[in-house]
Amino acid sequence: MKNIVILISGRGSNMQALVEADIPNANIAAVLSNNPDAAGLAWAQSRGIATAALNHRDYPDRAAFDRAMMAQIDTHQPDLVVLAGFMRILTPEFCRHYESRLINIHPSLLPAFTGLHTHQRALDEGCRIAGCTVHFATAELDNGPIIAQAAVPVLDNDTADTLAARVLAAEHQIFPRAVADFVAGRLHIVGKRVIRQQPTAESPALLA
Ligand code: GRF
């Protein structure tokens, strides 16, 4: 069994998709948040998952918060830490501590549109295709080896909200598959690339 700690800041729909995927050999050890009011915490509790919130406002600076979060995460002896809508910039110390076992989901086709407001920015640029990316997180924001991406069309009458909803549905598809691949030991980081071991008859292709 691989222990997974999931970090959220709000709704937690990606966290729910991960839990509901029932990934073989994955133990969702805890769901943690920087936001005590994160709706996803109540949902995780209702599923019997350990939860905790550390309010970042209670800490003097980013480094102190990240250290407290690391201590909390490490009580669960994680094999993998998953950022599922965790809306905090992480310190290099945090990223180094979980190097190669820290995965993030980002609502754009990276390397385009790092940071916030990705859907409005894609509309403003006239993109015809948008999407989402699952990647290993490194100290550089939204810039680590890419594990999986999914593309969706941008429609003429899209608003940021309608585009976000279409992208979110794709997020819910690729995130659990990427985590399943990590848990199964199928992902290998080679420089900036992630090489996915060929599926065998026992582990059919999870990523298209
Ligand atoms: C998702 O779009 C994720 O890609 C982004 O924040 C959003 C979180 O949504 N980082 P949820 O909390 O998983 O519903």
Side-chain angles (χ1 to χ4, degrees), residues 2-21 26-108 110 113-121 132-144 147 160-161 164 167-168 171-172 174-176 178-179 182:
K2 302 274 187 209
N3 289 330
I4 301 178
V5 172
I6 305 177
L7 307 192
I8 64 169
S9 291
R11 177 178 56 183
S13 71
N14 276 294
M15 175 272 295
Q16 292 184 30
L18 286 178
V19 171
E20 284 176 340
N27 169 43
I28 308 296
V31 174
L32 308 179
S33 183
N34 64 308
N35 171 14
D37 299 324
L41 287 175
W43 186 89
Q45 268 164 25
S46 77
R47 299 293 296 249
I49 300 169
T51 63
L54 301 184
N55 191 337
H56 60 273
R57 296 196 175 86
D58 293 341
Y59 296 85
D61 55 30
R62 193 178 294 283
F65 170 75
D66 274 15
R67 277 193 205 113
M69 196 48 116
M70 283 159 63
Q72 180 73 39
I73 292 168
D74 287 347
T75 64
H76 299 283
Q77 301 183 310
D79 298 290
L80 175 65
V81 176
V82 175
L83 307 170
F86 188 62
M87 306 304 282
R88 299 275 309 163
I89 291 176
L90 299 165
T91 54
E93 185 187 352
F94 185 102
C95 296
R96 265 197 306 275
H97 185 66
Y98 298 109
E99 194 179 352
S100 305
R101 51 182 178 131
L102 184 62
I103 289 180
N104 182 44
I105 178 114
H106 183 76
S108 78
L110 292 173
F113 308 122
T114 61
L116 297 174
H117 310 302
T118 53
H119 307 298
Q120 188 58 53
R121 288 159 64 203
C132 50
T133 302
V134 181
H135 65 98
F136 284 104
T138 59
E140 204 181 329
L141 181 70
D142 299 329
N143 181 327
I147 300 167
D161 285 347
V167 171
L168 190 65
E171 294 181 38
H172 297 164
I174 66 169
F175 206 18
V179 170
F182 179 93

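- The two atoms that bring Leu18 and Pro176 nearest to each other are CD2-CA, 3.6 Å, heavy atoms only.
- Here the CZ atom belonging to Phe94 is positioned 7.0 Å from the CE atom belonging to Met70, to the nearest 0.5 angstrom.
- The distance from the CZ atom of Arg47 to the CE atom of Met15 is 9.5 Å, given to the nearest 0.5 Å.
- The shortest distance between side-chain heavy atoms of Val31 and Ile8 falls below 4.5 Å.
- Within the 4.5 Å cutoff, the side chain of His119 has heavy atoms near those of the Val167 side chain.
- Residues Phe175 and Leu83 approach most closely at CZ-O, 3.7 Å, considering heavy atoms.
- Between atom CD1 of residue Ile147 and atom CD1 of residue Ile174 there is a gap of 9.5 Å, rounded to the nearest 0.5 Å.
- The shortest distance between side-chain heavy atoms of Pro78 and Ile73 falls below 4.5 Å.
- Contact record, Val5 with Ala29: CG2-CB, 4.4 Å, taken as the closest heavy-atom pair.
- Residues Phe182 and Ser100 approach most closely at CE1-O, 3.4 Å, considering heavy atoms.
- Formation of a donor-acceptor pair under 3.5 Å by the Arg62 side chain with backbone atoms of Ile89 is found in this model.
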Margin query: As a quick check of understanding, evaluate side-chain hydrogen bond (donor to acceptor under 3.5 Å, both in side chains) for Asn143 and His135, giving each step before the final call.
Written below: CA-CA 8 Å; Asn143 181 327; His135 65 98; over 6 Å; no

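- With rounding to the nearest 0.5 angstrom, the CG atom of Leu110 is 8.5 Å from the CG atom of Asn104.
- Shown here for Ser9 and Ser33, the closest heavy-atom pair between the two residues is CA-OG, 3.9 Å.
- Side-chain contact of Asn34 with Tyr59: a donor-acceptor pair under 3.5 Å is absent, judged by distance alone.
- Taking the side chain as every heavy atom from C-beta outward, Val19 and Ile49 approach each other to under 4.5 Å.
- Pro36 approaches Ala53 most closely through the heavy-atom pair CA-CB, 3.6 Å.
- In terms of modelled atom types and a separation under 3.5 Å, the side chain of Arg121 and the main chain of Thr114 share a donor-acceptor contact.
- Asn35 and His56 share no side-chain donor-acceptor pair at under 3.5 Å.
- To the nearest 0.5 Å, atom OG of residue Ser13 and atom NE2 of residue His172 are 3.0 Å apart.
- With Asn3 as the partner, the side-chain contact (heavy atoms from CB on, under 4.5 Å) test is satisfied by one option alone out of Ile28, Leu80, Asp79: Asp79.
- Put simply, the side chain of Asn27 does not reach to within 4.5 Å of the side chain of Lys2, judged on heavy atoms.
- With a 4.5 Å cut-off on side-chain heavy atoms, Phe65 and Arg88 count as touching.
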Notebook entry, point to check: Can you check side-chain contact (heavy atoms from CB on, under 4.5 Å) on Cys95 and Leu90, steps first, answer last?
Noted result: CA-CA 7 Å; Cys95 296; Leu90 299 165; 3.8 Å; yes

Next item on the list: Starting from the C-alpha separation in whole Å, work towards a yes-or-no answer on side-chain contact (heavy atoms from CB on, under 4.5 Å) for Leu116 and Met87.
Entry: CA-CA 9 Å; Leu116 297 174; Met87 306 304 282; 3.7 Å; yes

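- Side-chain contact between Ile103 and Val134: present, with at least one pair of heavy atoms (C-beta onward) separated by less than 4.5 Å.
- For the pair Phe86/Met69, a side-chain contact is recorded, criterion being any heavy-atom separation below 4.5 Å from C-beta on.
- Once rounded to the nearest 0.5 Å, the distance linking CH2 of Trp43 with OG1 of Thr51 reads 12.5 Å.
- Between the Asp66 side chain and the Thr91 main chain, a donor and an acceptor come within less than 3.5 Å of each other.
- Side-chain contact, Ser108 with His106: a donor N or O sits under 3.5 Å from an acceptor N or O.
- With hydrogens and angles ignored, the 3.5 Å screen pairs no side-chain donor or acceptor of Asp74 with any backbone N or O of Gln77.
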